[in-house]
Amino acid sequence: MTFIYYPKCTTCMKAKKWLDDHHIDYIERHIKEENPSAIELQTWHRQSGVPLKKFFNTSGLLYKSLQLKDKLPSMTDDEMYSILASDGMLVKRPLIITQNKILIGFKEKEWEESLL
């Protein structure tokens, strides 16, 4: 299992503590230092079954400065993968990646049901 996070993100820190408290093994991946590629994002999106927009960090400063709220509706999936891959700060975090599950963001109930 891979835990993709940003160390300065308080939600990511809560998620990391939750994983540690439940003795769940994971490999850490710093989202800014090792940005997800467009191919990874495409694979995760297909595996997750959620709309691609859910992969965007809509509360982030970069998302807002690029005015993506207005641009996303007219973008193709390939354009969205490309822009997500351009900067890890655009990707909603934390992410849990397993062979058969993708969890986006930290929702404790969802994590309990999926990981315990």
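Predicted model, so just to flag it, every value in this text is computed and none were measured. As a basis for the values below, the full set of heavy atoms in this structure was taken, side chains included, without hydrogen atoms, waters or symmetry mates.
- Once rounded to the nearest 0.5 Å, the distance linking CZ of Arg46 with CG of Leu41 reads 12.0 Å.
- Side chains of Leu115 and Leu19 form a contact here, defined as non-hydrogen atoms less than 4.5 Å apart.
- The CG atom of Asn100 sits 9.5 Å away from atom OG of Ser114, with the distance rounded to the nearest 0.5 Å.
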>> Applying side-chain contact (heavy atoms from CB on, under 4.5 Å) to Met1 and Ile96, what does each step give before you reach the verdict?
In response: CA-CA 7 Å; Met1 177 168 77; Ile96 289 287; 3.5 Å; yes
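- Counting all heavy atoms, side chain and backbone alike, Thr11 lies closest to Phe106 at CG2-CB, 3.7 Å.
- Here the straight-line distance linking atom CG of Asp77 with atom CD of Gln42 works out to 8.0 Å at 0.5 Å rounding.
- Hydrophobic cluster membership differs between Ile97 and Trp18, with clusters built from Ile, Leu, Val, Met, Phe, Trp and Tyr side chains linked at under 4.5 angstrom.
- Transitive grouping of hydrophobic side chains (ILVMFWY, heavy atoms separated by less than 4.5 Å) brings Met80 and Leu95 into a common cluster.
- Heavy atoms from other residues, nucleotides or ligands lying under 6.0 Å from CG of Asp21 number more than 12.
- Across every non-hydrogen atom of Ala85 and Ala38, the tightest pair is CB-N, 3.4 Å.
- How far NZ of Lys53 is from CG of Leu68: 9.5 Å, rounded to the nearest 0.5 Å.
- Ser65 is linked by a side-chain hydrogen bond (donor to acceptor under 3.5 Å, both in side chains) to nothing, counting only residues two or more places apart in sequence or in another chain.
- Note that NE2 of His45 and NZ of Lys54 are 11.5 Å apart. Values are rounded to the nearest 0.5 Å.
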>> Applying salt bridge (Lys or Arg N to Asp or Glu O under 4.0 Å) to Arg29 and Glu40, what does each step give before you reach the verdict?
In response: CA-CA 13 Å; Arg29 180 169 163 184; Glu40 284 178 312; 2.8 Å; yes
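- Side-chain heavy atoms closer than 4.5 Å link hydrophobic residues (I, L, V, M, F, W, Y) into clusters, and following such links, even through other members, never connects Ile104 to Trp111.
- Looking at Phe56 and Leu72, their side chains come closer than 4.5 Å, going by heavy atoms from C-beta outward.
- A distance-only check finds no donor-acceptor pair linking the side chain of His22 to the backbone of Ile24 [under 3.5 Å].
- Looking at every heavy atom in both residues, Lys101 comes nearest to Gln47 through N-NE2, 4.0 Å.
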> side-chain contact (heavy atoms from CB on, under 4.5 Å) between Leu62 and Asn57: does it pass, once the steps are laid out?
Replying inline: CA-CA 9 Å; Leu62 186 55; Asn57 176 15; over 6 Å; no
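- Hydrophobic clustering, with ILVMFWY side chains joined whenever heavy atoms are under 4.5 angstrom apart, keeps Trp44 apart from Phe3.
- Closest approach of Leu90 to Ile83, counting heavy atoms only: CD1-O, 3.2 Å.
- No side-chain N or O of Asn35 forms a donor-acceptor pair with one of Ser37 less than 3.5 Å apart.
- In this structure, the side chains of Pro36 and Phe55 stay at 4.5 Å or more apart for every pair of heavy atoms.
- Closest approach of Arg93 to Ile31, counting heavy atoms only: CD-CG2, 4.0 Å.
- Remark: the backbone N or O of Lys107 is not paired with any side-chain donor or acceptor of Glu110 at under 3.5 angstrom.
- Under a hydrophobic clustering in which Ile, Leu, Val, Met, Phe, Trp and Tyr are joined whenever their side-chain heavy atoms come within less than 4.5 Å, directly or via other members, Tyr6 and Tyr63 fall into the same cluster.
- The side-chain hydrogen bond (donor to acceptor under 3.5 Å, both in side chains) test applied to Tyr26 returns Lys16, Asp20, not counting sequence neighbours.
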> What's the verdict on side-chain contact (heavy atoms from CB on, under 4.5 Å) for Leu103 and Thr98, showing C-alpha distance, side-chain angles and the deciding distance?
Replying inline: CA-CA 9 Å; Leu103 300 177; Thr98 70; over 6 Å; no
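- Proximity of Glu28 to Ile4: side-chain heavy atoms (C-beta onward) are nowhere separated by under 4.5 Å.
- Atoms SG and NZ, from Cys9 and Lys32 in turn, are 14.0 Å apart once rounded to the nearest 0.5 Å.
- No more than 12 heavy atoms of other residues, nucleotides or ligands lie within 6.0 Å of CG in Leu61, so this atom counts as exposed by the packing criterion.
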